[in-house]
Amino acid sequence: MSLAGRGLVARARERLTTSLRAVQVLPSPNIWHWPQVYEAENRAQDVDGAVWTVLDGLTDWTGDVLDVGCGDGFHLPRFAERAATVLGVEPHPPLVERAKARVEGLTGVSVALGSAQDIPAADASVDVVHARTAYFFGPGCEPGLREADRVLRPGGALVVVDLDAAHPPYGRWMRADLPSYDTTEVDRFFEISGFERHRVATRWRFADRETLESVLRIEFSAPVAARAIADTPGLEFAVGYRVLLRRKPRGLIVG
């Protein structure tokens, strides 16, 4: 086959791979469409660092870290401060490009197109898999759990940071938009799946009302966003998280 023909085949395979991954991906309702607003949201989250304090105590972050659903790479530079290597994996190509631009020049940090069910990493190649408010919402995420186990080294940690819909007021707004979401069922799912759970109370604080209201409008339906805006007279509100941890066994489990 000519070089030109090989190039056409390679591009066709790339398009097919991207298409197959897209079928598996649950589109993000916020960052995919409003990345600039989501950037402001990321900067407003957890202003006291409560989630990071819990994460620091759960596992060693100095090895090889993989961030699943990394979006535009907001957290990658923070991981890079300590990790030997950092790989961000994101299924939405425009966000992959934004993440690559964010980490350009950082040593040992890379970004790749992929999904939680199809991680572009070798077996037993990372020490920590981190996922924050991305994909892991309880029943239905089993393919992602299996894939995380595949890429983790024995003794490695899967760390999931998810919003706690039981914690008001943010959780109350979430449940208004997701009435079928059962927080007890989700907690039970992760318990059965071998995770330990840490509930973390945080504050989101914004520089101005315009930014706060913009964030609420990309997170919730119009009626719920209006209610949330009316419920929030100032520049901050409380948000709860579940930080979930499961370790990959180091060897055979007997008995």
Side-chain angles (χ1 to χ4, degrees), residues 21-47 51 67-78 88-103 111 113-117 130-138 140-141 144 160-181 183 186 200 202-232 235-244:
R21 283 176 173 155
V23 171
Q24 298 175 324
V25 170
L26 181 66
S28 170
N30 39 47
I31 190 172
W32 282 27
H33 304 288
W34 296 280
Q36 291 87 356
V37 178
Y38 202 82
E39 175 80 10
E41 177 175 333
N42 269 326
R43 296 189 183 282
Q45 291 181 13
D46 189 20
V47 292
V51 171
D67 189 14
V68 177
C70 71
D72 62 1
F74 184 82
H75 296 111
L76 299 183
R78 176 128 187 191
V89 173
E90 166 58 41
H92 192 48
L95 293 181
V96 171
E97 295 308 310
R98 289 176 66 94
K100 288 180 177 179
R102 188 190 295 272
V103 303
V111 181
L113 181 70
S115 68
Q117 310 96 314
H130 167 273
R132 186 172 304 212
T133 60
Y135 179 81
F136 294 99
F137 306 117
C141 74
V160 178
V161 181
D162 199 9
L163 292 164
D164 185 354
H167 193 287
Y170 196 90
R172 182 174 65 249
W173 303 331
M174 284 180 61
R175 295 196 308 277
D177 266 342
L178 300 169
S180 63
Y181 185 89
T183 58
V186 173
V200 186
T202 77
R203 294 182 301 141
W204 290 14
R205 187 173 64 218
F206 298 83
D208 52 68
R209 286 290 297 182
E210 181 182 2
T211 305
L212 180 149
E213 293 180 10
S214 296
V215 166
L216 290 174
R217 289 190 180 104
I218 71 168
E219 288 294 346
F220 302 111
S221 65
V224 174
R227 186 188 317 167
I229 290 169
D231 288 346
T232 309
L235 297 177
E236 65 177 55
F237 45 76
V239 180
Y241 290 86
R242 284 185 300 244
V243 177
L244 304 153

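Note that the numbering runs from 1 along the sequence shown for the chain.
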Those residues that, when tested against [X], pass ring pair (Phe, Tyr, Trp, His ring centres under 6.0 Å) (two or more places apart):
X: His167; value: none
X: Tyr38; value: none
X: Trp204; value: Tyr170, Phe237

Under the rule for salt bridge (Lys or Arg N to Asp or Glu O under 4.0 Å), what residues qualify as partners of [X], not counting sequence neighbours?
X: Asp72; value: Arg98, Arg102
X: Asp46; value: none
X: Glu236; value: Arg203
X: Arg209; value: Glu213

Can you name the residues that form a side chain to side chain contact (heavy atoms under 4.5 Å, CB included) with Ala225, not counting sequence neighbours?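 By the side chain to side chain contact (heavy atoms under 4.5 Å, CB included) rule, Ala225 matches Arg217, Phe220.
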Tell me every residue that passes side chain to side chain contact (heavy atoms under 4.5 Å, CB included) with Ala176, counting only those two or more places apart in sequence or in another chain.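 Side chain to side chain contact (heavy atoms under 4.5 Å, CB included) check on Ala176 returns Val224, Arg227.
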Shortest non-hydrogen contact between Val111 and Cys70, atoms and distance: CG1-SG, 4.4 Å
Applying side-chain hydrogen bond (donor to acceptor under 3.5 Å, both in side chains), can you list everything that pairs with [X], at least two apart in sequence or on another chain?
X: Ser28; value: Asn30
X: Thr211; value: Asp208
X: Glu41; value: Gln45

